[in-house]
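Notes follow the structure.
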There are 2 protein chains.
Amino acid sequence: MNTQSRATLADVARLAGVSSKTVSRVFAGAGNVSPETRERVLGAAKRLRFRPNNLARSLRRGGVSNTVAFVIGDLRNPFYFHVAAGIERELAESGLTMVLATTDDTPESEEIVVDALLAQRVRALLLIPVADDQSYLDGERQLGTPVISVDRPARNLLADSVVLQNRQGMADAVRSLTALGHRKIGFVSNPSAMYTLRERLAGYREALREVGVMDTARWERVDDDPAVSAEQAVRALLDQADPPTAIVGGNNRASAGAVRVLRDREPAVAFIGFDDFELADALGISVVAYDTMELGRTAARLALERLADPSEFTKQLEIPTRLIHRGSGEIPPPR
Amino acid sequence: MNTQSRATLADVARLAGVSSKTVSRVFAGAGNVSPETRERVLGAAKRLRFRPNNLARSLRRGGVSNTVAFVIGDLRNPFYFHVAAGIERELAESGLTMVLATTDDTPESEEIVVDALLAQRVRALLLIPVADDQSYLDGERQLGTPVISVDRPARNLLADSVVLQNRQGMADAVRSLTALGHRKIGFVSNPSAMYTLRERLAGYREALREVGVMDTARWERVDDDPAVSAEQAVRALLDQADPPTAIVGGNNRASAGAVRVLRDREPAVAFIGFDDFELADALGISVVAYDTMELGRTAARLALERLADPSEFTKQLEIPTRLIHRGSGEIPPPR
DNA sequence: ACACGATAAGACAGCGCTGACATTTGTGGT
DNA sequence: ACCACAAATGTCAGCGCTGTCTTATCGTGT
């Protein structure tokens with residue numbers, strides 16, 4: 001068992017016969033070190049297995065690390081992961097690393113988790129807001145930490161945000177169905193973030209209003225009870241008297257449920273989901289798609305921009321969506 | 001624009017009229033602070049929006065942070081994400097946070113990325129090895145940083161590891177096919193990690209050898225060229241003269257490809273995939289499944305154990321797999 | 001031979017925090 | 001009144017690094 005402890009700048013300096021500042025210069029990349037000295041230092045460092053301590057460096061440099069935090073509700077949703085992937089990519093290009101934390105989708109733990117991250121002096125904070133109120137972040141924001149809210153706008157906090165084109169995306173989907181003649185269109189959404197759900201629902205209603213369908217209450221199946229599966233919701237919708245001839249899904253879970261139920265339904269019910277998913281193409285499921293990784297990249301870019309210029313106005317960006325026709329959304333109503 | 005800078009222990013101490021050490025005690029949770037003093041300190045801290053600087057704390061405490069690094073090849077593979085989710089969960093319970101970094105599945109960047117993480121003094125390093133050689137980590141390991149290799153064993157490095165029961169899982173799948181009478185069984189795998197692929201292939205061969213099929217070369221479709229999609233590989237397999245009556249998939253990508261090709265194939269070809277996936281149940285695809293999150297949790301637990309007792313022998317753990325019958329794997333050979 | 005600027009290297013303090021140790025204050029026993 | 005002892009608080013140095021400033025060294029033009 002090797003008990004030698006970690007080498008420091010000073011150790012390297014001693015071995016190389018120079019001052020610790022010189023070693024620092026070598027590793028910080030700053031100039032004014034002669035080639036021979038540099039060689040000697042690097043040799044010594046290698047021999048001692050020296051690795052600069054970023055903690056100390058960060059502290060010295062003013063107490064900020066080079067990590068950016070991303071706070072997620074639930075890690076099991078593939079959506080979040082793709083966003084995280086986008087963030088990670090974009091940050092890596094600027095030499096920053098991402099730390100990931102989850103709040104288990106419970107509002108109470110949000111502040112606790114965020115606090116722990118801020119204590120680590122993250123450079124910026126990206127989060128998918130879960131709590132009803134992010135005003136607790138205002139102090140931090142004023143101290144210069146960029147706060148970017150992702151997928152949903154923050155509440156009671158002036159922060160940059162990136163969200164999807166929820167309303168228009170959903171409206172487009174519904175319009176494409178009404179154009180085929182559908183009028184009885186169901187809306188299914190499993191418990192989903194209030195914000196995105198509300199927006200998509202608004203888009204749905206808007207598009208139906210355009211063709212004169214005003215009362216959509218009986219077609220809306222929005223269960224906020226997590227115990228009710230998307231599958232059950234779809235079934236319930238279809239089992240009522242005078243069932244819808246088409247259904248739109250409010251999120252990716254709804255799509256999974258719909259696929260299970262609608263596969264061998266007769267007469268065929270048209271379906272358009274929100275959020276693309278693996279095999280959707282093979283299954284011929286039409287969806288409102290968008291670039292999930294781009295959502296993350298954009299969020300990361302916003303953070304970087306604000307880091308570069310803290311005085312800019314806050315921005316609210318939208319990631320475009322587009323309707324992909326694959327068959328399930330092109331089924332006409334039975335006549 | 002508020003230009004006030006971040007408050008420090010000393011600032012709080014001044015405002016509360018105590019020494020900075022007392023403030024430190026309040027925030028470090030250590031005892032021996034009278035209730036009144038504590039109140040006064042907390043009040044002052046609140047007023048100044050004080051947040052302890054974990055960087056400084058970590059440095060002072062011996063230079064290790066409370067983060068654990070997880071190094072992934074490619075973030076887009078859902079498999080990795082579930083593993084990450086498991087790790088995050090397990091670590092959170094011990095108050096540690098996870099930093100995620102990717103190597104883009106290129107061996108060269110592995111060492112660079114790992115180095116950057118180690119410079120941040122992560123408490124432990126979990127990684128999915130990509131490079132052929134992890135001996136560069138030996139020094140670090142000797143300095144006491146637990147190194148856990150996930151999903152594949154590390155090469156040239158004495159490290160704990162958690163892998164799947166690859167060989168047996170695949171052998172079970174093939175045995176279940178041979179029991180139905182299949183003898184011409186194809187093996188498809190997209191470029192996959194060499195290790196898991198090799199193991200699964202070995203399991204496949206082993207099970208076929210048990211029923212007297214010795215030469216399996218013509219049924220093995222292992223393209224290491226990423227340009228060849230799993231879909232093409234499956235097609236190529238079926239288009240040859242005397243095609244297989246059943247196929248096993250070597251990884252999740254192979255399953256996606258197989259589903260696309262096999263859906264309306266006549267006569268039906270049996271299929272069993274490795275790795276469960278969303279909708280596999282709805283589609284009736286039999287798979288060799290395992291608990292992906294558990295893989296992550298186990299890895300994290302290993303790290304925690306080693307942190308607690310560095311002198312223990314290294315462990316090699318296996319996550320069990322189990323065959324799930326859903327129909328596609330129960331199709332008998334045509335007669 | 002001399003002054004002069006450029007280059008290389010070092011001395012020193014201090015980032016924010018906490019461990020080790022010192023000091024003050026309060027309590028109870030005799 | 002005195003001492004022993006615990007609880008509450010303070011002093012000080014230093015974790016590993018780098019910014020600022022200072023000092024030594026060298027080549028160059030006149």
Side-chain angles (χ1 to χ4, degrees), chain A residues 4-42 44-45 48-66 116 118-123 143-145, chain B residues 4-42 44-45 48-66 116 118-123 143-145:
Chain A
Q4 87 193 29
S5 70
R6 229 170 269 279
T8 70
L9 269 191
D11 298 328
V12 177
R14 212 169 304 123
L15 182 59
V18 297
S19 79
S20 61
K21 177 71 229 207
T22 301
V23 182
S24 164
R25 274 193 267 258
V26 170
F27 280 91
N32 289 4
V33 179
S34 74
E36 308 91 72
T37 312
R38 152 171 275 108
E39 277 314 303
R40 208 141 38 85
V41 168
L42 288 177
L48 294 175
R49 291 204 186 107
F50 170 72
R51 209 184 292 281
N53 186 333
N54 238 325
L55 249 43
R57 179 182 292 192
S58 292
L59 178 61
R60 185 61 234 266
R61 288 245 183 99
V64 287
S65 65
N66 46 37
L118 292 176
Q120 313 220 34
R121 292 295 189 270
V122 292
R123 275 271 188 83
L143 288 175
T145 307
Chain B
Q4 87 194 30
S5 68
R6 229 169 268 278
T8 70
L9 268 191
D11 298 328
V12 177
R14 212 170 303 124
L15 182 59
V18 297
S19 79
S20 60
K21 178 70 229 212
T22 300
V23 182
S24 163
R25 275 193 266 257
V26 170
F27 280 90
N32 288 4
V33 179
S34 74
E36 309 91 71
T37 313
R38 155 173 271 108
E39 278 314 302
R40 206 140 38 85
V41 167
L42 288 176
L48 294 176
R49 290 203 186 106
F50 170 72
R51 209 185 292 281
N53 187 333
N54 238 325
L55 251 42
R57 178 181 293 191
S58 294
L59 177 61
R60 187 58 235 267
R61 289 245 185 97
V64 287
S65 64
N66 47 36
L118 291 176
Q120 312 220 34
R121 292 296 186 270
V122 291
R123 274 271 188 84
L143 288 174
T145 308

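Sequence lines set the chain letters: A, B, ... in the order given, protein chains first and strands last, and positions in each chain run from 1. Quick caveat, the model's predicted, so the values are computed rather than measured.
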What is the distance from [atom1] of [X] to [atom2] of [N], rounded to the nearest Å?
| X | N | atom1 | atom2 | value |
| --- | --- | --- | --- | --- |
| B:Leu9 | D:dT11 | CG | P | 14 Å |
| A:Arg38 | C:dA9 | CZ | C1' | 14 Å |
| A:Gln120 | C:dG16 | CD | P | 17 Å |
| A:Asn32 | D:dA24 | CG | C1' | 14 Å |
| B:Glu36 | C:dG26 | CD | P | 12 Å |
| A:Asn54 | D:dC17 | CG | C1' | 10 Å |
| A:Arg51 | D:dC17 | CZ | C1' | 17 Å |
| A:Leu48 | D:dG16 | CG | P | 14 Å |

Does [X] put a side-chain nitrogen or oxygen below 4.0 Å from OP1 or OP2 of [N]?
| X | N | result |
| --- | --- | --- |
| B:Thr37 | D:dA8 | no |
| B:Ser58 | C:dC17 | no |
| A:Arg61 | C:dC15 | no |

Nearest 0.5 Å please: distance from the [atom1] atom of [X] over to the [atom2] atom of [Y].
| X | Y | atom1 | atom2 | result |
| --- | --- | --- | --- | --- |
| B:Asn32 | B:Thr22 | CG | OG1 | 10.5 Å |
| B:Leu118 | A:Arg51 | CG | CZ | 4.5 Å |
| B:Ser58 | A:Asn53 | OG | CG | 9.5 Å |
| B:Asn54 | B:Leu59 | CG | CG | 11.5 Å |

Test item: B:Gln120 and A:Asn66 side chains (from C-beta on) under 4.5 Å apart, heavy atoms: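 Contact flag for B:Gln120/A:Asn66 side chains = yes.
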Side-chain (A:Ser65) to main-chain (A:Arg121) donor-acceptor, under 3.5 angstrom: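 Looks like yes, one N/O pair under 3.5 Å.
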Residue A:Arg60, side-chain heavy atoms: nucleotide from D:dA8, D:dG19, C:dA8 that is nearest: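 The closest nucleotide is D:dG19.
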Proximity to the side chain of A:Asn53 - top-ranked nucleotide from D:dT9, D:dG16, C:dT7: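 Selected nucleotide (nearest to the side chain): D:dG16.
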Stretch residues 10-27 of chain B: residues that reach within less than 4.0 Å of DNA chain C through a heavy atom: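 Close to the strand are B:Lys21, B:Ser24.
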Candidate pair B:Leu42 and B:Phe50, rule side chain to side chain contact (heavy atoms under 4.5 Å, CB included), full reasoning: CA-CA 9 Å; B:Leu42 288 176; B:Phe50 170 72; over 6 Å; no
